[in-house]
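Labels below follow one simple rule: chain letters A, B, ... track the order of the sequence lines, proteins then strands, and each chain is numbered from 1.
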Protein chains: 2
Amino acid sequence: MEPGERVGERVYRTLRRRILTGEFPPGTRLSVPAIARELGVSRSPVRDAVLQLGNEGLAQETFNRGAIVPQIDHDQLVSLYEAREALEGMTARLATVNFGPGVRRRLLGILDEHDEVVAAGDFTRHIDVDAAFHREIRTAACSPVVARMLEEIQGQVMIAMRSTSVSGGMAHAVEDHRKIFEALASGDPDAGEAAARQHISRLTSLLRTHV
Amino acid sequence: MEPGERVGERVYRTLRRRILTGEFPPGTRLSVPAIARELGVSRSPVRDAVLQLGNEGLAQETFNRGAIVPQIDHDQLVSLYEAREALEGMTARLATVNFGPGVRRRLLGILDEHDEVVAAGDFTRHIDVDAAFHREIRTAACSPVVARMLEEIQGQVMIAMRSTSVSGGMAHAVEDHRKIFEALASGDPDAGEAAARQHISRLTSLLRTHV
DNA sequence: TTAACGAACATTGCATGCAGTGTTTGTGCT
DNA sequence: AGCACAAACACTGCATGCAATGTTCGTTAA
């Protein structure tokens, strides 16, 4: 007997997934009793989960009025990208130092797959492969604090991506990723950071013009 | 009748303060019933508070064994400083753009006070004034996401500061701060970011040598 | 018809109950 | 004394109760 896992943890992951996939679009009320009934658990773990989602910016709480899935407004999205630019730059810098044959191989595999996906015009898989590329770099960076913060940003960005089209274009993304890869492979931390930041800041600029 | 504030929120702030001031040193057990009895509230809001502290890295939870105040080990501290370097750099960059007479006046006031405090050798006030300088820049940066993440980092760093002496020296800190101020005032975002990052990376280097 | 009102209903946030689990303490044995 | 073991105790995590508050919807008045 060792579940070793809280019910609240499972509820948290369920709700998080539903929010990120858009099954719970912005504005959806996160009613604790309703969710508890649906999942067949009591209100306590559901409450824990909703509070945790609130801490991560995936739920917006108001006193005595419960929580709703937030809309990520333009200013918030800009701020998210400002943080993301700084942190992705740092992961690239750190990953340059830790760059090895394993990372090289995996990144090249992701890039090849990305080429195929773009050629096929599959936007959904593009999102996944894009995320995989950045995740691989985060892992190589070996900085849990930075990685955790990027994941938190990623969540809110996923919400925003459904309402605003800030995609800079799939082909452009792969191009940027190849540049980042080459900078990492070159072993120059400054180049790695610069390439990663430019990748993000291009989106931030697009965002700022899209007032 | 308008408390408009959750009991859990008050408990959270109380516990957070006790952890950050060292009243609850690392290893302290955060027993929900004990805290509830002491504060004269029920276990529910205390539980909420402890879970929230866990999300911020101010409590370490183990399944069926409750939470304790964490020790920040060396690797964790390095990762915290890596994130901090990236984010302080970004705030300085953004603050450069938003630099105005109000910010200038307040920063100069803080720097003058810092000089006095250092001359008096008051380490406790040094900590406060140091934090005030960085907070002023965070505020000027107008990026809530970046600011929030820096505050989260700040909490864990405060825990670590009591066990490891990573202080680079009070006088050196003021010197760095003046350089940052001048870079901000110059209006060059690159210079602002570079100055802020160097301030942090100096500490990171100290840390890395202090294996 | 539409707007204002109020009663019925649902939800929130805090309090408390409880089974399972971990910890501590006291006891007996070597 | 030192150790094994068990019983007593305490805590965790989930379930549920409840008063206060918020929401909804039907009814009434203009």
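- In this structure, B:Tyr12 places its OH atom 19 Å from C1' of C:dG13, rounding to the nearest Å.
- The number of heavy atoms from other shown groups lying within 6.0 Å of CZ (A:Arg106) is above 12.
- One atom, CD1 of A:Ile68, and another, P of D:dG22, lie 16 Å apart when rounded to the nearest Å.
- Among the heavy atoms of the strands lying under 4.0 Å from A:Leu30 are primed sugar atoms or P, OP1, OP2 only; no base atom is included.
- Put simply, the side chain of A:Arg65 and the base of C:dG13 share no donor and acceptor less than 3.5 Å apart.
- Without hydrogens or angle criteria, B:Ser79 side chain to B:Asp75 main chain gives no donor-acceptor distance under 3.5 Å.
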Chi angles and distances behind the salt bridge (charged side-chain N to carboxylate O under 4.0 Å, His left out) call for B:Glu151, B:Arg138: CA-CA 10 Å; B:Glu151 278 154 25; B:Arg138 281 204 299 273; 3.6 Å; yes
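- Side-chain atoms of A:Ala34 lie closest to C:dT11 of the nucleotides D:dC14, C:dG13, C:dT11.
- Atom CG of A:Asp48 is separated from atom P of C:dC14 by 13 Å (rounded to the nearest Å).
- Remark on DNA chain D: of its neighbouring residues B:Pro33 and A:Ser42, the 5'-side contact belongs to B:Pro33, judged by nearest-heavy-atom nucleotide.
- In this entry the distance linking CD of A:Glu61 with P of C:dC14 reads 11 Å, nearest Å.
- Among the nucleotides D:dT16, C:dG17, C:dA15, the one closest to the side chain of B:Val41 is C:dA15.
- For A:Arg6 and D:dG13, the shortest distance from a side-chain N or O to OP1 or OP2 is below 4.0 Å.
- Here A:His199 and A:His134 bring their ring centres to under 6.0 angstrom of each other.
- Among the nucleotides C:dC14, D:dT12, C:dT11, the one closest to the side chain of B:Pro45 is C:dC14.
- Nucleic acid contact for B:Ser31: sugar-phosphate only, since backbone atoms but no base atoms lie under 4.0 Å from a heavy atom of the residue.
- Between the C1' atom of C:dC14 and the CZ atom of A:Phe63 lies a distance of 10 Å, rounded to the nearest Å.
- The A:Ser44 side chain lies nearest to D:dT16 when the options are D:dG17, D:dT16, C:dC14.
- Put simply, B:Arg43 has no side-chain N or O that comes within less than 4.0 Å of OP1 or OP2 on C:dG17.
- Within the structure, a side-chain polar atom (N or O) of B:Arg47 is placed less than 4.0 Å from OP1 or OP2 of D:dC14.
- Side-chain atoms of B:Asn98 come within 3.5 Å of backbone N or O of B:Ala140 as a donor-acceptor pair.
- At whole-Å resolution of the value, CG in A:Leu51 and C1' in D:dG13 are 15 Å apart.
- Taking atom CD of B:Glu5 as the reference point, atom P of D:dT21 lies 15 Å away to the nearest angstrom.
- Ranking C:dC14, D:dT12, D:dC14 by closeness to the B:Asn64 side chain, first place goes to D:dT12.
- Contact annotation: B:Arg37 reaches the phosphate of D:dC11 (side-chain N/O to OP1 or OP2, under 4.0 Å).
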